[in-house]
There are 2 protein chains.
Amino acid sequence: MHRRPTNGKLFLRGPYRLPVMPRAVTVGLHAAIVAVTEEEPRILTVSEGAADRRLAALPFGPLDPDRHRTLELGLRVWVHEQTGMELAYVEQLYTFGDRDRALAADGRTLLLAVAYLALVRERQVAEGHTAAWQGIYRFLPWEDRRDGEPEMFGSHIRPALAKWVNAATENSVRHERRGRADITFGSGAAQWDSERVLDRYELLYEAGLVAESARDKEPAAHAVDAIRPEVGFGAPLALDHRRILATALGRLRGKLKYRPLVFELLPGTFTLLQLQRTVEALVGVRLHKQNFRRLVERGSLVEGTGELEPDTGGRPAELFRFRREVLHERPAPGVGLPGLPAGQ
Amino acid sequence: MHRRPTNGKLFLRGPYRLPVMPRAVTVGLHAAIVAVTEEEPRILTVSEGAADRRLAALPFGPLDPDRHRTLELGLRVWVHEQTGMELAYVEQLYTFGDRDRALAADGRTLLLAVAYLALVRERQVAEGHTAAWQGIYRFLPWEDRRDGEPEMFGSHIRPALAKWVNAATENSVRHERRGRADITFGSGAAQWDSERVLDRYELLYEAGLVAESARDKEPAAHAVDAIRPEVGFGAPLALDHRRILATALGRLRGKLKYRPLVFELLPGTFTLLQLQRTVEALVGVRLHKQNFRRLVERGSLVEGTGELEPDTGGRPAELFRFRREVLHERPAPGVGLPGLPAGQ
DNA sequence: TCACTTATGCTCAATTTGAGAATTACAATA
DNA sequence: TATTGTAATTCTCAAATTGAGCATAAGTGA
């Protein structure tokens, strides 16, 4: 969007007039492409140069209204060009556009980022593409609580948060910070809410605890290869991409409960334990096995195929398939999370 | 965004390069401002000219990175300029950018629309502003089922949908259409899902049943003042604004269940019946009174003030207030909808 | 055959729904 | 003042759902 003479006709078919013409905005389409393999949620990243000199980024490209009929189609084009991947399930996440956090190198162009979540089954990345799958918890390590609170949480995050809280000189600010830290990270009266992924990342960002905070404040002082993961606070990503990743994971965790999204990540047939492990990997907590099975079976989300999977290490498990019909039956069919009192 | 020589440095601080420069995009900020008064959900609309010659529109304006530090702040500025209103609760809804549906009058500029939902207590519109509150169900009449299925549903919508289904010559298309109509409008095996507001509007749009469909197809043939409400299918709004309204209502209905949003719409103290009526107005269905009370009270969402509201027409009701503390206690405190099996 | 591992089935108490009856408190009216 | 109407508020009760665990089944490898 460039400055030029205002033209009332330009914007609308109707008689509405836009009072002022804006300066310079660029619209980017960004994809958080998620898969779960070997009980680990992964994200597809790209990197255009030598891996050791560049930060990983999510696949992205600018919206081109000439080529892209819709935003989502534009996204698919970019993803295909950069990773060779054809996306099935795609959903829009959020549009980011803070001036402080998404300014182009010219310091004048605002980079508007429309972020998407895509779910796929992990595949080998096609020839000729440098894209790579990486574990999501490499970037957001505090989000994985399947084996209880991770070690780095107590050793690094909690103390750093406490320091941040006490760094406030004003009493009211300190109180406000403590409350916010309690809610987002589930200390004090509040419990851990697995969906508040973005809140947690944002808090760490504001507290200056992730590499991106420093980079955005002092772009000059932080050339790309100067950005290094800080121990315990996860690896950084290019641009705003860790924020997008956090948004994606939070949305996915929430939506899992009322939409049958997991099945986008699983093969056509799967055992109930595979299903459970996939959900656990995403939500980052362990679930009660028998109750989980009861829920998905009673919810008629799956049906047995009669076939058995013998490689379980124990008794062979029956293979199930997703019953697509539920989409036509109930309003909000999700996997439901036994042991997780709504919202956890 | 204007075509100009590609400059790798323009876009990123890092070494990423955007392969192609896009053509022309304009970013608009649009606000669906919702209030509930007298048991009726309302939306704030603006209209720049004589009311009888113009369609109502939502408050909106272009993003101006010079003046607006963030998208949300830009939205607040526009809303304030156009309506005199200061917004409290604001949340981003969705970014729309279909080329077919949001092209400027020049036929070349894509109008990207970033839509927001805002919740307020209804107020008199300030002097000097032409903004007006209008009932939401004037635009989406089929969404109000508080008195059962509305009359126009059986008389107009259902037959029109059936016609649309049968208009498909190919068998598979017909089957697919019927399935979609069943899911979104809750016929056949499917139940009415109050959250699928957008799906329903989109289906009516695609079926050519709302005024906007024709307008977008034949802009020339449908000058603004030629767009007239079609009986039973609700009044049209300018641009894509009815779609934004549908998105807003759907989001609000969903979020009500797990976040205490209703209280943004209520005065500081209120009776439990007022609370219930407000929820009902938004969700568009009636709730079981005793169970509703049980839920909000057991959920500790509210606390009694001891004061009584005598003007109930019967026994005076106790006045309650929202317990802000719940935000610090439980992960997902919503009003819960008794009688509504999750997702309804 | 035994030890081990995982799948699957089943039980049971505690809670949470869904629905409605019963009781209370005020206003208006006979 | 007694009666009637309208809501508010309290209770009850059966049905369904959840949370937790025990028991049994069916494979594998030693």
Side-chain angles (χ1 to χ4, degrees), chain A residues 38-39 191 257-258 266 269-280 283 285-321 330-344, chain B residues 39 191 257-258 269-280 283 285-321 330-344:
Chain A
E38 288 163 27
E39 306 189 7
Q191 315 155 46
K257 283 155 205 153
Y258 59 94
L266 286 165
T269 64
F270 45 81
T271 69
L272 292 183
L273 188 60
Q274 266 181 282
L275 174 61
Q276 181 180 343
R277 291 288 180 243
T278 304
V279 173
E280 288 175 339
V283 182
V285 297
R286 291 273 168 228
L287 304 173
H288 184 285
K289 187 161 163 175
Q290 292 90 328
N291 294 345
F292 179 83
R293 306 167 69 89
R294 178 169 61 189
L295 274 188
V296 292
E297 292 201 87
R298 193 175 36 66
S300 333
L301 280 173
V302 297
E303 62 189 354
T305 62
E307 284 168 86
L308 295 182
E309 161 65 50
D311 274 340
T312 59
R315 169 174 172 175
E318 184 169 6
L319 285 168
F320 288 77
R321 77 165 63 86
R330 291 184 302 120
V335 290
L337 302 185
L340 297 187
Q344 265 277 43
Chain B
E39 306 189 8
Q191 314 154 48
K257 284 155 204 152
Y258 60 95
T269 64
F270 44 82
T271 69
L272 293 182
L273 188 61
Q274 265 181 283
L275 174 61
Q276 181 180 343
R277 292 286 181 245
T278 304
V279 173
E280 289 174 339
V283 182
V285 297
R286 290 273 169 229
L287 304 173
H288 184 283
K289 187 161 165 176
Q290 293 90 327
N291 294 344
F292 179 84
R293 305 167 70 88
R294 177 169 62 190
L295 274 188
V296 292
E297 291 202 88
R298 194 175 34 68
S300 331
L301 279 173
V302 297
E303 61 190 357
T305 61
E307 284 170 87
L308 295 182
E309 161 65 49
D311 275 340
T312 60
R315 170 175 173 173
E318 185 170 6
L319 285 167
F320 288 78
R321 76 165 63 87
R330 292 184 300 121
V335 290
L337 302 186
L340 296 187
Q344 265 278 40

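Here is how names work: the chains are called A, B, and so on, in the same order as the sequence lines, proteins then strands, and each is numbered from 1.
Nearest nucleotide to the A:Ala317 side chain, out of D:dG21, C:dA7, C:dG18: C:dA7. The side chain of B:Thr312 lies closest to D:dA7 when the candidates are D:dA20, D:dA7, C:dT17. Looking at the side chain of B:Arg298, the nearest of the listed nucleotides C:dT16, C:dT24, C:dT8 is C:dT16. Minimum atom distance to the side chain of A:Lys289 is reached by C:dA7, of the listed D:dT9, C:dA7, C:dA19. With distances taken from any side-chain atom of A:Asn291 to the nucleotides C:dA19, D:dG19, C:dC10, the minimum falls on D:dG19.
Looking at every heavy atom in both residues, A:Thr312 comes nearest to A:Ala317 through CG2-N, 3.7 Å.
Going from atom CG of A:Asn291 over to atom CD of A:Gln276 covers 10.0 Å, rounded to the nearest 0.5 Å.
As rounded to whole Å, 12 Å separates atom C1' of D:dT6 from atom CG of B:Leu273. Atom-to-atom, CG of B:Leu272 to P of D:dT10 comes out at 9 Å; the value is rounded to the nearest Å. Taking atom CD on B:Gln290 and atom C1' on D:dA8, their separation rounds to 10 Å, with Å as the unit. For the pair B:Leu319 CG and D:dT9 C1', the interatomic distance rounds to 15 Å; values are reported in whole Å. Put simply, CD on A:Glu297 is 15 Å from P on D:dT18, counting in whole angstrom units. Going from atom CG of A:Leu287 over to atom C1' of D:dT18 covers 14 Å, rounded to whole Å. Atom pair B:Leu308:CG and C:dC26:C1' shows a separation of 10 Å (rounding to whole Å applied). Rounding to whole angstrom units, CZ of residue B:Phe292 and P of D:dT9 are separated by 13 Å.
Between A:Arg293 and C:dA7, a side-chain N or O to OP1/OP2 separation shorter than 4.0 Å is absent.
Between the side chain of A:Glu318 and the backbone N or O of A:Leu308, no donor-acceptor pair lies under 3.5 Å.
With B:Leu287 as the fixed residue, the side chain to side chain contact (heavy atoms under 4.5 Å, CB included) test singles out one of B:Glu280, B:Arg277, B:Arg293: B:Glu280. A:Phe320 pairs with exactly one of A:Thr305, A:Thr271, A:Leu272 by the side chain to side chain contact (heavy atoms under 4.5 Å, CB included) rule, that one being A:Leu272.
Remark on DNA chain C: of its neighbouring residues B:Pro316 and A:Phe320, the 5'-side contact belongs to A:Phe320, judged by nearest-heavy-atom nucleotide. Comparing A:Arg294 and A:Glu318, the nucleotide of DNA chain C nearest to each residue sits closer to the 5' end for A:Glu318.
A donor N or O paired with an acceptor N or O is not found under 3.5 Å between the base of C:dT5 and the side-chain atoms of A:Arg315.
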